[in-house]
Amino acid sequence: MHASAEDGTTATASPHHDDPHRPPHGARPEAVIPEDPTVAMSQPASDGAAPTTGATPRTAGPPPTTAAPAPAPGSVAEHRPDGAGAAASDVRCDVLVIGGGIIGLVTAWRAAQRGLRTVLADPAPGGGAAQVAAGMLAAVTETHFGEETLLGLNLASARRYPDFAAELTEASGQPTGYRACGTLAVALDSDDRAQLRDLHALQQRCGLDARWLTGRECRRLEPLLAPGVRGGVWVEGDHQIDPRLLAAALLTACRRAGVTFRHSWARRLTLAGAGETREAAEHVDGRRATGAVLADGARVAAGQVVLAGGSLSGRLAGLPADVVPPVRPVKGQLLRLRVPAPLAAAGPFLSRTVRAVVRGGQIYLVPRVNGELIVGATTEELGWDTTVTAGGLYELLRDAHEVLPGVTELELVETLAGLRPGSPDNAPLLGPSRLPGLVLATGHHRNGVLLTPVTGDVLADVLTTGELPPHARPFTPLRFSPAPAPAPAPATAPARAEANGARRPPPYATPPPYATSPVAPAGPAPAPAPDRPAPATRPTDAPQEP
């Protein structure tokens, strides 16, 4: 039931504790307006979302109309007539990035470093998954059966992180919270131990650096672990970062690099070739993405458009139907706790990230240097629901207590819930789409923070060369594109006769099967046959994070 909430989560938080890295109360980071106003506007702009205060869950409805915040003093936007919050009628640039979460920010930063005039559209940039995610850089312990190709990309990004964090700190003058602390995965009973043994065997087959430990060796590393821990896997190379600090640093680095911020929603993608409306753009043929119309009325004309809108990426108006990214929302709930001063004075509560298999489920505990402890996360296929539930939080605390009994003595700081942007194969969509001028950077699911460095590098290459680098080619959005329709066959004699007024033959008793497509057709699902009761439905778990 538990897995990572690294990517694409919207939060509900405890109102009793202020965090200097959280956006202002009421700030909402979604950059894409969904076409259907009944959809809950709780998904973040770029694989992420910002927490809101209070215990009331988000409800369905269109985004609120809010005044654009003033640009920061001395920022690039402050000195540009088309900068942050300006309502200029026309803006021209080389690259328009739709979505200001960590994926959108790193894309904009790298594009600006390559000399491209870059505009980023988002009402609250920097308020994405950074406000919710745990920040595990767990390429090895995140290994899953059947995801060996994704493992390669995860490892490539993890190797980049030390230099990436150092470069970002130098560019922004701000810390990122990067910690090379390692990760310990543990198991509680014999069944959990067998499951972890299987995962360790997969890690060894993949040539990964992961060492099996006995329960006693695990407790030697982390003395506060429960006595019942039966064994574990120590991965020295899986580290962590503070996503809130990461987002803040990226925001500053973008401003210093010359990125122009438009604090507004992207209302509609604009196309050249054959109309701009959804109705007039069902297919790519002869069309090209040329920019977007924003909610403040501005039209941004761009040589290339990067869609980094998290699980709302597919709901941007104007997208031709055959390039809509197959991204869905995957709900996750997690907790933020704080170690009380008397306990902290006695020594570190945890020295490294601990992941655990508890009765077959997965849970993680990520300690911060500021005394916080992140506990997460559930994985729930519940559409756009972002309600924080008693059941979800109970499961997290119950399993955390099984692994680390002292967790119940910690102070509860925040309760969080939100949406990850999942793809059909749990891997991101990176690179050019079938629509010329449109580049995708979405679908990172549980790996958004981990994949931030490699995503920025890949997108910079794509925007300057038009080509995906070899290590990123398996993640092209074209892997989900429907096959081209066959050319129409010559008219047969019956068809010619029908065209000349002959009577149409009776329809088939059974309709032909639907064409394979990664994008669900619009409209409600077909109703069940009247003589057969509708099947009961229940949420299903997405692939989980150990």
Side-chain angles (χ1 to χ4, degrees), residues 30-35 45-46 68 76-77 80-101 103-105 107-112 114-123 125 254 258-310 312-325 431-442 459-460 462-464 466 477:
E30 301 90 333
V32 181
I33 293 182
E35 290 187 279
S46 172
V76 173
R80 292 193 176 188
D82 58 353
S89 58
D90 289 288
V91 179
R92 297 185 180 276
C93 60
D94 298 319
V95 176
L96 168 63
V97 179
I98 298 176
I103 297 301
L105 287 171
T107 299
W109 181 41
R110 290 306 196 195
R114 300 287 183 99
L116 299 173
R117 293 175 301 161
T118 304
V119 172
L120 186 147
D122 190 299
C254 283
V259 175
T260 299
F261 287 90
R262 300 288 308 187
H263 289 269
S264 185
W265 310 86
R267 186 178 297 279
R268 175 167 52 89
L269 185 71
T270 55
L271 305 175
E276 298 177 353
T277 65
R278 171 75 92 177
E279 293 75 19
E282 288 300 317
H283 301 287
V284 167
D285 299 341
R287 296 174 176 86
R288 177 181 179 85
T290 59
V293 176
L294 306 185
D296 63 6
R299 297 172 64 91
V300 181
Q304 299 180 83
V305 178
V306 178
L307 182 53
L312 279 180
S313 295
R315 305 190 71 85
L316 177 63
L319 278 175
D322 45 2
V323 296
V324 173
S433 69
R434 291 187 64 239
L435 177 66
L438 179 65
V439 177
L440 299 186
T442 187
L459 267 291
V462 169
L463 293 171
T464 52

Less than 4.5 Å apart, any side-chain heavy atom of Pro432 and any of Leu438? no
Distance-minimising heavy-atom pair for Leu435 and Pro320: CD2-CD, 4.0 Å
Main chain of Gly310, side chain of Thr442: is a donor-acceptor contact present, judged purely on distance under 3.5 Å? yes
So, using salt bridge (charged side-chain N to carboxylate O under 4.0 Å, His left out) as the criterion, who are the partners of Arg114 when residues are at least two apart? Asp461
Straight-line distance of Thr260 OG1 to Leu120 CG, nearest 0.5 Å: 10.0 Å
Begin from the C-alpha positions of Ile98 and Val306 and carry the test side chain to side chain contact (heavy atoms under 4.5 Å, CB included) through to its verdict. CA-CA 6 Å; Ile98 298 176; Val306 178; over 6 Å; no
Looking at Thr290 and Ala272, what are the two nearest heavy atoms and their distance? CG2-CB, 3.5 Å
Distance col, row Leu459:CG vs Ile103:CD1, nearest 0.5 angstrom, shows 8.5 Å
So CG of Asp94 and CZ of Arg117: to nearest 0.5 Å the spacing works out to 4.5 Å
Pairwise side-chain contact, Val95 with Val97, heavy-atom cut-off 4.5 Å (strictly under): yes
Thr118 side, atom OG1; Leu96 side, atom CG - distance, nearest 0.5 Å: 9.5 Å
Looking only at heavy atoms, the pair that brings Ser313 and Ala308 closest together is OG-C, 4.2 Å
Taking the side chain as everything from C-beta on, heavy atoms only, tell me whether Val259 gets closer than 4.5 Å to Val119. no
Please report the shortest heavy-atom distance between Cys93 and Val300, naming the atom on each side. SG-CG1, 3.9 Å
Per the side chain to side chain contact (heavy atoms under 4.5 Å, CB included) rule, which among Val462, Thr107, Val305, Leu307 passes with Val439? Val462
Quick check: does any side chain N or O of Gln304 sit under 3.5 Å from a backbone N or O of Leu463, one acting as donor and the other as acceptor? yes
Short side-chain to backbone donor-acceptor contact, Ser433 and Val323, under 3.5 Å: no
Would you call Arg262 and Asp122 a salt bridge, taking side-chain N to carboxylate O under 4.0 Å as the test? no
When rounded to the nearest 0.5 Å, the distance separating CG of Leu440 from CZ of Arg434 is 12.5 Å
Nearest 0.5 angstrom please: Thr270 OG1 to Arg287 CZ, how far? 13.5 Å
Mind listing the closest non-hydrogen atom pair of Leu105 and Cys254 along with its distance? O-SG, 3.2 Å
